[in-house]
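Each ligand, and each atom within it, is numbered from 1 in the order the structure gives.
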Amino acid sequence: MYGFQRCIAPLCRSTFDVTEVLTSCPDCGSLLDIDYEWDKLPIPKSMREFESRWANRRDPLDFSGVWRFRNLLPFAADKDIVTIGEGQTILQQSQAVGKYVGMNAGGLYLQYEGLNPSGSFKDNGMTAASTHARMVGAKVAACASTGNTSASLAIYASTTQVFRVVVFVGSGKIAYGKLSQALDYDAKTLQILGDFDDALERVREVAGERGIYLCNSVNPFRLEGQKTIMYRVLESLNWEVPDWIVVPGGNLGNSSAFGKAFTELKALGLIDRIPRLAVINAAGANTLYQLYEERGVRWDGGMSDDGTTDAFFKTMDAEKRKASTLASAIEINRPVNLKKCLRALQQCDGVVRQVTDQEILDAKAQVGAGGFGCEPASAASVAGARKLRAEGVIAPSDRVVCILTGHQLKDPDATVAYHSGDQALFSEKLGKRGVERAEYANSPVVVENNLQKIIDVLNQQG
Ligand code: F0G
């Protein structure tokens, strides 16, 4: 095995075996990467070599949209890999959404990670974390979640029976589609009387005390799996590199993984350039935006300005400011992968933007009307792309890929409240979050249970 864990801090860089269970560097407390002795590994000469695996779909490892790229995340022996057929996702060119964003025809692509088994991109990472959990013989795994990580961990436990699961969620903080998954997949579910940040703090303590395997994105193995979302985007584009990857930012695991994926591919000579990265915060949960765009905090070769970041969090605590957005998946105050994301933004010449709940829900309606649909947090990517296009940062002729992180059915409440035309429902669910209009609502028409009346309505609507 030629993989190892390595501290990301340039003044530390301690290394650890892949068989150790760590979520931070024992020497300095920084985040860890998985790194490889690439020169000792069989690296393909071109990404095209992975295409031969398409013909071998009866092998679960070649069927998986994560593990068919296993040469690029080679930390596990094939026999240890835990897969449930994740990563059968689609890159769709959407003319309708492209028009909304302001792109030239053919320039906008939507990467539907909601098509994963548990309905979100998290399965890309959870297959990798589950694999590592099996490698180290974990009996119980845990995570804190805004709903998708918990659904994903729960489905890996229920389908594979490799370990038992306990999930921590903020009470009243997660969409019902997601809560129903954890319950139905039989995960022990703790509703912490607090928010996601509280749940994450507690689960980290509990995991430490009880020797439980932690599956949040501080687990560096998870992010190895999430790199493959970018490999599939390239695969769908016939291995051409797009100009922009636009992704919603919550705990910042995905953006971190994408930066790592492209940096490695470039270093291995498998791509000739790196796309630009746009990370989109909800305006009500905009820590990254505040630090990166407003205060100029940068990775700076790993020497980033911790003073500014610490002062920001101190003020946040003093003012008792709490993240608040309808995009509950990304309602996060203290993104744990902040440093890695800053690194990715440097690697990918990145930008950060914030979008309001109004912009998110309007973009979501456009994605639904022009594609397979998505949950609110995912639509932040489309709203963000539109903003960057309006600013001229994205050119109309660019090729842009928006990552749609979660399935539309995860959060039907927000969708129905937007479309229903029911003012009371709208005010209760959306109005109090500052959403004023449902410009793209497709409201149901109430009609009497009578053939002629139905025909009359259809005639009126044309
Ligand atoms: N989109 C969706 C649908 C998510 O569920 C999440 C994160 C994100 C975007 C943000 O991704 O954390 O990598 O920046 N959900 C986590 C969870 C926090 O617990 O399910 P990120």
Side-chain angles (χ1 to χ4, degrees), residues 111-116 118-126 129 142-155 167-170 173-175 177-179 181-182 187 189 192 195-200 203 214-219 222-223 225-227 229-230 245-260 277-282 285-289 323 325-338 340-342 344-345 352 355 360 364 367 373-384 402-411 414:
Q111 173 71 9
Y112 284 99
E113 287 303 310
L115 299 179
N116 273 291
S118 80
S120 86
F121 76 92
K122 302 286 178 180
D123 296 350
N124 293 284
M126 213 50 80
C143 68
S145 185
T146 55
N148 281 326
T149 304
S150 43
S152 182
L153 179 58
I155 203 177
V167 302
F168 289 48
V169 298
K173 288 286 185 184
I174 79 175
K178 305 174 188 183
L179 179 60
Q181 288 182 287
T189 303
I192 307 294
D195 59 14
F196 169 79
D197 295 80
D198 299 322
L200 183 56
V203 78
L214 188 65
C215 289
N216 281 100
S217 52
V218 285
N219 178 332
R222 240 193 67 183
L223 299 192
Q226 288 173 215
K227 293 190 306 191
I229 301 171
M230 292 300 104
I245 300 290
V246 189
V247 64
N251 231 353
L252 306 179
N254 242 357
S255 42
S256 301
F258 298 173
K260 186 172 192 281
L277 180 68
V279 184
I280 313 300
N281 272 168
N286 64 356
T287 296
L288 180 68
Y289 177 79
T325 168
L326 270 164
S328 58
I330 52 176
E331 195 179 57
I332 293 172
N333 300 293
R334 282 180 156 74
V336 291
N337 289 298
L338 177 64
K340 280 188 178 177
C341 178
L342 292 173
L345 287 164
V352 180
V355 289
I360 287 174
K364 184 177 121 46
V367 172
C374 65
E375 68 165 281
S378 310
S381 60
V382 171
C402 293
I403 310 302
L404 298 182
T405 45
H407 198 282
Q408 184 206 37
L409 295 176
K410 291 280 191 174
D411 189 357

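Taking a cut-off of under 4.0 Å to the non-hydrogen atoms of Ser145, the atoms of ligand 1 that pass are 17 (C), 19 (O), 20 (O). Short contacts between ligand 1 and Ala329, defined as distances under 4.0 Å to a heavy atom of the residue, involve ligand atoms 2 (C), 3 (C), 4 (C), 5 (O), 6 (C), 7 (C), 15 (N), 18 (C). Atoms of ligand 1 lying under 4.0 Å from at least one heavy atom of Thr149, given by number and element, are 16 (C), 17 (C), 19 (O), 20 (O). Taking every non-hydrogen atom of Gly250 and a distance limit under 4.0 Å, the qualifying atoms of ligand 1 come out as 10 (C), 12 (O), 14 (O), 21 (P). Close contacts of ligand 1 with Asn148, meaning ligand atoms under 4.0 Å from a residue heavy atom, involve 2 (C), 3 (C), 4 (C), 5 (O), 20 (O). Counting the atoms of ligand 1 from 1 in the order shown, those under 4.0 Å from a heavy atom of Thr405 are 1 (N), 2 (C), 3 (C), 9 (C). Those atoms of ligand 1 with a heavy atom of Ile330 less than 4.0 angstrom away are 8 (C), 9 (C), 10 (C). Of all atoms in ligand 1, numbered sequentially from 1 with element shown, those under 4.0 Å from a heavy atom of Asn251 are 12 (O), 14 (O), 21 (P).
A donor-acceptor contact under 3.5 angstrom links the side chains of Lys410 and Gln181, judged on distance only. Counted by atom type alone, Asn216 and Asn251 present zero donor-acceptor pairs between their side chains at under 3.5 Å. With no hydrogens or angles considered, a side-chain donor-acceptor pair links Ser378 and Thr405 at under 3.5 Å. With no hydrogens or angles considered, no side-chain donor-acceptor pair links Ser256 and Asn337 at under 3.5 Å. There is a side-chain donor-acceptor pair under 3.5 Å between Glu375 and Asn148.
Distances between N or O atoms of Leu252 and those of ligand 1 include at least one value under 3.5 Å. By the 3.5 Å distance cut-off applied to N or O atoms, Gly253 is counted among the residues near ligand 1.
Taking a 4.0 Å cut-off on heavy atoms, Ile332 registers as neighbouring ligand 1. The shell of residues lying under 4.0 angstrom from ligand 1, judged by heavy atoms, includes Gly249.
Protein heavy atom at the shortest distance from atom 13 (O) of ligand 1 is Asn254 N, 2.8 Å. Among all protein heavy atoms, the one lying closest to atom 16 (C) of ligand 1 is Lys122 NZ, 2.9 Å. In terms of protein heavy-atom proximity, atom 11 (O) of ligand 1 is nearest to Phe121 CZ, 3.5 Å. For atom 18 (C) of ligand 1, the closest non-hydrogen atom on the protein side is Thr146 OG1, 3.4 Å.
Contact annotation: for Gln226 versus ligand 1, there are no heavy atoms closer than 4.0 Å. With a heavy-atom cut-off of 4.0 Å, Glu375 touches ligand 1 through its side chain alone.
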Checklist entry - Going through the distances and angles, do Val336 and Leu252 end up as a side chain to side chain contact (heavy atoms under 4.5 Å, CB included)? => result CA-CA 7 Å; Val336 291; Leu252 306 179; over 6 Å; no
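In this structure, the side chain of Ser255 does not engage the main chain of Cys341 through any donor-acceptor pair within 3.5 Å. Between the side chain of Ser145 and the main chain of Ser150, a donor-acceptor pair closer than 3.5 Å is present. For Thr287 (side chain) and Asn333 (main-chain N/O), a donor-acceptor pair under 3.5 Å exists by modelled atom type. Checking side-chain atoms of Asn116 against main-chain N and O of Asp123 turns up no donor-acceptor pair under 3.5 Å. The backbone N or O of Ala175 sits nowhere less than 3.5 Å from a side-chain atom of Asp411 that would complete a donor-acceptor pair.
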